[in-house]
*Asks:* 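Before anything else, here's the structure in question.
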Amino acid sequence: MQEAVSPKPGSGNVQPKKLLLRALAGERTERPPIWLMRQAGRYLPEYHRVREAAGGMVGLCTTPEHAVEVTLQPLRRFPLDAAIVFADLPQVAAALGQTLDYRVGEGPVLTPPVRSTADIAEFLSISRLHEELAPIYETVSQLTRALPAETALIGYAGAPWTIATYMVEGRGGAASEHSVVKQWALSDPDGFQPLMDLLTAAIVQFLGRQIEAGAEAVQLFDSWAGVLPDVLFERWCVKPIAAIISALKAQYPDVPVIAFPRGAGLSYDGFAEATGADCIGLDSTVPLEWAARNLQRGLGRCVQGNLDPQLLIAGGPALHAETERILRGLSGGPFVFNLGHGIVKTTPIEHVTAVVEQVRAWSTPTA
């Protein structure tokens, strides 16, 4: 592998060899590493065969043999620089005491929904967390032996606010515009706080176990951060994620953390500074020039993103041009090429191939 174009200033340690880990450590690499959110999943025909054999999503996520297989599937098709363990965000909620089911046309459904502080005390507990999540730890462990030597392994979890939306709404929450969880958080923040505290503690332990099983980096997905009004963003998005990262850094100082506060808008730079995340995931609305100036140069952070998944469906000249624009806009600093959200199930496989080839052919300018 070539030397990095510009190593992180002031770093006297030997840099990790894997391209993704070098970028997350703050290097401006010879080309950006690439992986894609939801790179394992419904757009791949082989994924559907394994899901059917597993008997559905619950079986797929809780059977290491199947979860390892679907994690590896995109790597057989595309020369990606990282794998992300196949699991699902609501599994933490199920491990705390709710029942998780997947219904056709509805996606994940959690019962009973958590609607009060009394509910938290009555049927939620961290006591069986690791017993319930043990299949994920085993999946991580098996992947450390199965992945190509140059491919990094990313563990992950939903952030407290996003998992809370599932737990309170009983599902993803988009259909109701998150009205139930937002009304609780707005009208009774002190009553809502115990749920967020429980989730924060659980996620620290969950990610820690993934790291101990072999994850080389972890990502926190706050997929619903953008629905929080400004008055609640600090309390329910920033502070819990900052607490998680602080706890992880105290135990695993060399493991980088990627944080993705989708829809954070003008709060992105404040989020990056307050949480201490090594890398900030950008959704597709974030202007490249702003991210380069404020996050890469201003804060010295790696950024990850931010191709619109719909362009990956469209393909053709528009996809090529936008990929080029992102490469030019963010290659001036540490950068991981990714999407602004997950791959959509109708994405043509050949369009993914084209993007991966274009990114891997890119050479970071020396000046």
*Asks:* Pick out which of I211, D278, I154 makes a side chain to side chain contact (heavy atoms under 4.5 Å, CB included) with V218.
*Replies:*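 Only one of I211, D278, I154 forms a side chain to side chain contact (heavy atoms under 4.5 Å, CB included) with V218, namely I211.
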
*Asks:* Closest heavy-atom contact between E177 and K182?
*Replies:*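 Of all heavy-atom pairs spanning E177 and K182, the closest is O-CD, 3.9 Å.
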
*Asks:* Quick check on H320: does its NE2 atom have over 12 non-hydrogen neighbours (other residues, nucleotides or ligands) under 6.0 Å away?
*Replies:*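 Counting neighbours around NE2 of H320, 12 or fewer heavy atoms of other residues, nucleotides or ligands fall under 6.0 Å, so no.
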
*Asks:* Using a 3.5 Å distance criterion without hydrogens, assess whether the side chain of Q210 forms a donor-acceptor pair with backbone atoms of Y156.
*Replies:*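 Confirmed, Q210 side chain pairs with Y156 backbone.
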
*Asks:* Working note: R76 + E69, criterion salt bridge (charged side-chain N to carboxylate O under 4.0 Å, His left out); need CA distance, chi angles, decisive distance, verdict.
*Replies:* CA-CA 10 Å; R76 298 186 186 121; E69 169 60 21; 2.8 Å; yes

*Asks:* With a 3.5 Å distance limit and no angle check, can you tell me whether Y252 reaches the backbone of A247 through a side-chain donor-acceptor pair?
*Replies:*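 No, the answer is negative, given that no donor and acceptor are paired below the 3.5 Å cut-off.
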
*Asks:* Which heavy atom in I84 sits nearest to a heavy atom in Q39, and how many Å separate them?
*Replies:*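 Heavy atoms only, the tightest pair is N-NE2, 4.1 Å.
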
*Asks:* Let's go through E52 and R49 carefully: what are the C-alpha distance in whole Å and the side-chain angles of both, what is the deciding distance for salt bridge (charged side-chain N to carboxylate O under 4.0 Å, His left out) to 0.1 Å, and is it a yes or a no?
*Replies:* CA-CA 5 Å; E52 183 178 355; R49 291 193 289 270; over 6 Å; no

*Asks:* Would you confirm whether S116, through its side chain, and D119, through its main-chain N or O, come within 3.5 Å as a donor-acceptor pair?
*Replies:*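 Looks like yes, one N/O pair under 3.5 Å.
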
*Asks:* To the nearest 0.5 Å, how far apart are CD1 in I313 and NE2 in H351?
*Replies:*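 Reported to 0.5 Å precision, the distance equals 9.5 Å.
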
*Asks:* Over 60° means perpendicular and under 30° means parallel, so classify the ring planes of F192 and W236, tilted if in between.
*Replies:*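 Perpendicular.
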
*Asks:* Can you confirm whether the side chains of Q296 and R28 place a donor and an acceptor under 3.5 Å from each other?
*Replies:*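 On atom types as modelled, these side chains do not qualify, holding no pair under 3.5 Å.
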
*Asks:* Identify the heavy atoms of L100 and P108 that sit nearest to each other, and give their distance.
*Replies:*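 Of all heavy-atom pairs spanning L100 and P108, the closest is CD1-CB, 3.9 Å.
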
*Asks:* Could you tell me if the side chain of V255 sits less than 4.5 Å from the side chain of L248, heavy atoms only?
*Replies:*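 SC-SC contact between L248 and V255 ruled out.
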
*Asks:* Tell me whether E65 at atom CD has more than 12 heavy atoms from other residues, nucleotides or ligands lying less than 6.0 Å away.
*Replies:*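 Incorrect, the count does not exceed 12.
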
*Asks:* Please check if the side chain of K18 supplies one atom and the backbone of T151 the other of a donor-acceptor pair under 3.5 Å.
*Replies:*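 Between the backbone of T151 and the side chain of K18 there is a qualifying donor-acceptor contact (under 3.5 Å).
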
*Asks:* Begin with the C-alpha distance, continue with both residues' side-chain angles, and end with the deciding distance and a verdict on side chain to side chain contact (heavy atoms under 4.5 Å, CB included) for L195 and L124.
*Replies:* CA-CA 9 Å; L195 178 59; L124 298 182; 3.9 Å; yes

*Asks:* Within the side chain of S141, is there an N or O that forms a donor-acceptor pair under 3.5 Å with the backbone of Y137?
*Replies:*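 No; zero donor-acceptor contacts below 3.5 Å.
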
*Asks:* Could you tell me which non-hydrogen atom of P64 sits nearest to which non-hydrogen atom of T139, and how far apart they are?
*Replies:*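 What the structure gives for the nearest pair is CA-OG1, 3.3 Å.
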
*Asks:* Quick one: does W161's side chain get under 4.5 Å of V181's, heavy atoms only?
*Replies:*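 Answer yes - side chains close enough.
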
*Asks:* So, does R31 use its side chain to make a donor-acceptor pair with the main chain of V359 at under 3.5 Å?
*Replies:*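 Answer holds: no.
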
*Asks:* Cut-off 3.5 Å, side chains only: do Y102 and D88 have a donor facing an acceptor?
*Replies:*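 Side-chain D/A pair, Y102 to D88: present.
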
*Asks:* Whether E357 and R360 form a salt bridge (side-chain N of Lys/Arg under 4.0 Å from carboxylate O of Asp/Glu) is what I want to check.
*Replies:*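 No, R360 and E357 are not salt-bridged.
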
*Asks:* Determine, step by step, whether Q304 and Q219 satisfy the side chain to side chain donor-acceptor pair (under 3.5 Å) criterion, reporting the C-alpha distance in whole Å, the side-chain angles of both residues, the deciding distance to 0.1 Å, and the verdict.
*Replies:* CA-CA 11 Å; Q304 176 178 281; Q219 174 157 321; 3.0 Å; yes

*Asks:* Less than 3.5 Å apart, any donor N or O on the side chain of S284 or N306 sitting next to an acceptor on the other?
*Replies:*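 No.
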
*Asks:* Taking all heavy atoms of Y43 and all of P74, pick out the closest pair and write down the distance.
*Replies:*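 Looks like OH-CB, 4.2 Å.
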
*Asks:* Decide, yes or no, whether a salt bridge links K239 with D222 under the criterion of side-chain N to carboxylate O below 4.0 Å.
*Replies:*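 Here K239 does not pair with D222 in a salt bridge, since their nearest N and O are not under 4.0 Å apart.
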
*Asks:* Are the charged groups of R77 and E350 less than 4.0 angstrom apart, N to O?
*Replies:*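 Salt bridge between R77 and E350, a charged N being under 4.0 Å from a carboxylate O: no.
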
*Asks:* Would the distance check show the side chain of Q98 and the main-chain N or O of P112 forming a donor-acceptor pair, the cut-off being under 3.5 Å?
*Replies:*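 Here the side-chain-to-backbone pair exists.
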
*Asks:* If we only count heavy atoms from C-beta on, is the V70 to L44 side-chain gap below 4.5 Å?
*Replies:*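 V70 does not reach L44 side chain to side chain.
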
*Asks:* Once you measure the plane-to-plane angle for F260 and H341, does it fall in the parallel (<30°), tilted (30-60°) or perpendicular (>60°) bin?
*Replies:*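 If you compare the ring of F260 with that of H341, the planes turn out tilted.
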
*Asks:* With E273, which residues qualify under salt bridge (Lys or Arg N to Asp or Glu O under 4.0 Å), at least two apart?
*Replies:*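 Not a single residue meets the salt bridge (Lys or Arg N to Asp or Glu O under 4.0 Å) criterion with E273.
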
*Asks:* To the nearest 0.5 angstrom, please state how far the CZ atom of R38 sits from the CD1 atom of I343.
*Replies:*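 Here the interatomic distance stands at 9.5 Å.
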
*Asks:* Are the side chain of T162 and the backbone of S223 linked by a donor-acceptor contact shorter than 3.5 Å?
*Replies:*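 Yes.
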
*Asks:* Is NZ or CZ of R262 both nearer than 6.0 Å to the six-membered ring centre of W224 and within 45° of the ring axis?
*Replies:*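 So R262 does make the cation-pi contact.
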
*Asks:* Taking all non-hydrogen atoms of both residues into account, name the closest pair between E324 and Q358 and its distance.
*Replies:*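 Of all heavy-atom pairs spanning E324 and Q358, the closest is N-NE2, 3.5 Å.
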
*Asks:* Got R22 and L19 here, is their nearest side-chain heavy-atom distance under 4.5 Å?
*Replies:*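 The answer is yes; the side chains approach within 4.5 Å.
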
*Asks:* Tell me whether E106 at atom CD has more than 12 heavy atoms from other residues, nucleotides or ligands lying less than 6.0 Å away.
*Replies:*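 Count over threshold, so yes.
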
*Asks:* To the closest 0.5 Å, what do you measure between CZ (R51) and SG (C61)?
*Replies:*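 Going from CZ on R51 over to SG on C61, the span is 8.5 Å.
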
*Asks:* So, do F337 and W362 have ring centers that fall under 6.0 Å from each other?
*Replies:*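 Ring centres of W362 and F337 not closer than 6.0 Å.
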
*Asks:* When you look at CZ of R42, are more than 12 heavy atoms from neighbouring residues, nucleotides or ligands closer to it than 6.0 Å?
*Replies:*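 It does not: R42 CZ has 12 such atoms or fewer within range.
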
*Asks:* Centroid separation under 6.0 Å, is that true for the rings of F86 and H66?
*Replies:*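 They do not qualify: ring centres at least 6.0 Å apart.
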
